[in-house]
Amino acid sequence: MPKINPTTTKAWKALQAHFEETKNLHIKDFFAEDGNRGKDFSISWKDFFVDVSKNRITPKTRELLLQLAEEVQLEKAIKAQFSGQKINETEERAVLHTALRDFSNMKPEVAASLQKMKDFSEKINNGVYKGATGKAIDTIVNIGIGGSHLGPEMVYEALAHYRKGVQLCFISNIDGDAVQATLDAIDPESTLFVVVSKSFTTKETLANAQFVKNWFISKLSKKAITTHFLAVSANATNVTAFGISEEKTFPMWDWVGGRFSLWSAAGFSVCCAIGYENFEDLLKGAHQMDVHFATAPFSENIPVALGLISVWYTNFYTCETEAVIPYCEALHKLIPYLQQSVMESNGKGIDRNGEAVNYQTGGIVWGATGTNAQHAFFQLLHQGTKIIPTDFICFTNSLRSNLELHEMLLANCLAQTEALATGKPYSAKEPYSSFTGNKPTTTIFIQELTPKNLGSLLAMYEHKIYVQGVVWNIFSYDQWGVQLGKEVATAILENVALLNGEHAIEYLEKRK
Ligand code: F6P
């Protein structure tokens with residue numbers, strides 16, 4: 001991996017000077033000066049049209065950002081990732097979640113795992129695989145946390161329109177009330193429990209799995225566990241110790257990071273819910289974006305453009321956060337999913353040389369679906385004092401032909417980006433209804449919410465993260481920051497039996 005401090009590059013210094021020169025320019029003037037701006041500052045690719053024209057960037061900004069990409073050797077870093085080099089140096093691992101969706105060059109173990117997912121999901125959905133008492137399976141409970149939960153749940157919700165199999169429930173948090181509420185609503189005789197944990201050491205997942213197992217035994221029998229419990233993990237030893245056989249275990253590999261594992265058997269429950277063909281389409285869509293990222297010139301490369309623009313706002317405008325607003329209710333879980341992938345990846349302060357960085361890294365991601373968000377926090381976007389670069393995601397076609405509502409939804413999306421960019425002049429008569437405008441947005445138009453396009457969209461964000469990480473000279477694919485919390489929690493648990501609220505309060509009082 002290249003190890004270049006971006007602030008030492010010529011482009012960085014030029015961007016600093018350029019920022020001083022352009023920081024007060026207005027987006028609406030960019031449009032007035034350049035009739036072609038909408039076209040010039042957008043990238044059309046397959047079913048995607050990514051419009052970055054309503055950002056605070058000029059042709060010169062673009063030129064300097066591309067120069068920055070060159071100076072930090074982004075191309076070399078992308079090649080290093082796709083060729084399987086151990087770019088996650090702190091864990092000595094390759095980063096190859098992209099290999100999970102490359103059907104033209106598939107590793108035999110990946111192909112075998114997909115075949116097993118296909119066979120198993122089909123058996124479940126056509127009623128051949130039955131519960132221990134002979135009932136067909138109608139529910140799968142996915143037990144896992146972080147990447148072993150957020151991706152599968154997000155895709156399950158996003159592709160609700162394509163459901164053809166079982167319903168899914170998710171147990172992630174160690175919140176006994178929530179876990180019990182899920183269990184109360186299901187029939188153990190027609191339910192499979194899939195314990196998803198790459199490490200099979202994650203305390204929350206193991207505690208929840210054990211709790212569910214005890215509940216299941218009390219409802220059915222110990223013997224029935226072999227039929228009703230499955231695992232997805234890279235840790236065969238711990239899975240066996242838990243009581244799940246090899247036959248009922250799907251593999252994970254150390255070259256797939258947890259937050260990028262959706263494409264592996266971690267997506268098994270989703271595969272059952274939407275059917276294998278749709279799951280395969282999801283993978284194929286992601287692969288198409290991989291090919292685009294790895295081969296398109298940087299000036300026409302969607303993840304590169306998004307990553308560099310984000311660096312521009314983070315490091316020069318000193319923006320702290322970015323919002324994502326999908327004008328699509330089905331994408332409501334995209335935000336927590338992105339929060340993990342973006343912030344667990346780029347929330348780092350030590351660079352690839354092992355030194356503390358002297359510039360900002362990983363932004364904070366937040367958001368909600370539009371139009372709901374318009375009636376919640378858009379006030380701050382429009383008239384607040386902060387600059388919050390915002391992605392607007394919308395689909396040209398509706399899935400259920402509700403054209404009237406869909407047109408309203410789209411009109412709202414477009415109107416918001418327009419109003420944020422243009423604003424409304426100040427008038428002393430009506431000072432409170434003036435808008436400065438000049439609020440940056442990127443609009444991601446996609447033809448339709450299909451499994452394939454969803455795959456491409458998710459891969460687009462994955463690669464954007466990497467582009468930023470490469471520029472910031474950090475390791476995007478480790479997550480040492482999560483370890484400390486885990487260690488402290490273990491220590492506290494050993495010191496005090498946190499069995500009820502009283503003990504917790506006692507502990508906190510002693511610490512004072
Ligand atoms: O939160 C840290 C993390 O390591 C994530 O990266 C991962 O998705 C999650 O924990 C769950 O890990 P596992 O799949 O090993 O249980």
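Ligands are counted one by one from 1 in listed order, and the atoms in each one are counted from 1 as well.
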Look at [atom] and say which protein heavy atom is nearest, naming residue and atom and giving the distance to 0.1 Å.
{"atom": "atom 6 (O) of ligand 1", "answer": "Glu344 OE2, 2.6 Å"}
{"atom": "atom 15 (O) of ligand 1", "answer": "Ser199 OG, 2.6 Å"}
{"atom": "atom 11 (C) of ligand 1", "answer": "Ile145 O, 3.3 Å"}
{"atom": "atom 10 (O) of ligand 1", "answer": "Lys486 NZ, 4.2 Å"}
{"atom": "atom 12 (O) of ligand 1", "answer": "Thr202 OG1, 3.5 Å"}

Rounded to the nearest 0.5 Å, how far does CD1 of Ile393 lie from OG1 of Thr442? 10.5 Å
Contact atoms of ligand 1, heavy-atom distance to [X] under 4.0 Å:
{"X": "Val482", "answer": "1 (O), 2 (C)"}
{"X": "Gly147", "answer": "7 (C), 8 (O)"}
{"X": "Lys198", "answer": "13 (P), 14 (O), 15 (O)"}
{"X": "Gly258", "answer": "8 (O)"}
{"X": "Ser197", "answer": "13 (P), 14 (O), 15 (O), 16 (O)"}

Kindly determine whether Glu280 and Lys452 satisfy salt bridge (charged side-chain N to carboxylate O under 4.0 Å, His left out), including the steps that lead there. CA-CA 8 Å; Glu280 193 173 299; Lys452 208 173 220 180; over 6 Å; no
Once you measure the plane-to-plane angle for His228 and Phe216, does it fall in the parallel (<30°), tilted (30-60°) or perpendicular (>60°) bin? tilted
Look at the aromatic rings of Phe200 and Phe242 and report parallel, tilted or perpendicular, splitting at 30° and 60°. perpendicular
Donor-acceptor pair between Gln339 and Glu344 side chains, under 3.5 angstrom: no
Under a 3.5 Å cutoff, is there a donor and acceptor pairing between the side chains of Asn125 and Glu122? no
Please examine the side chains of Ile350 and Trp480, heavy atoms only from C-beta on, and report whether any two atoms are closer than 4.5 Å. no
Quick one: does Asp47's side chain get under 4.5 Å of Glu448's, heavy atoms only? no
Is the closest heavy atom of His149 to ligand 1 under 4.0 Å? no
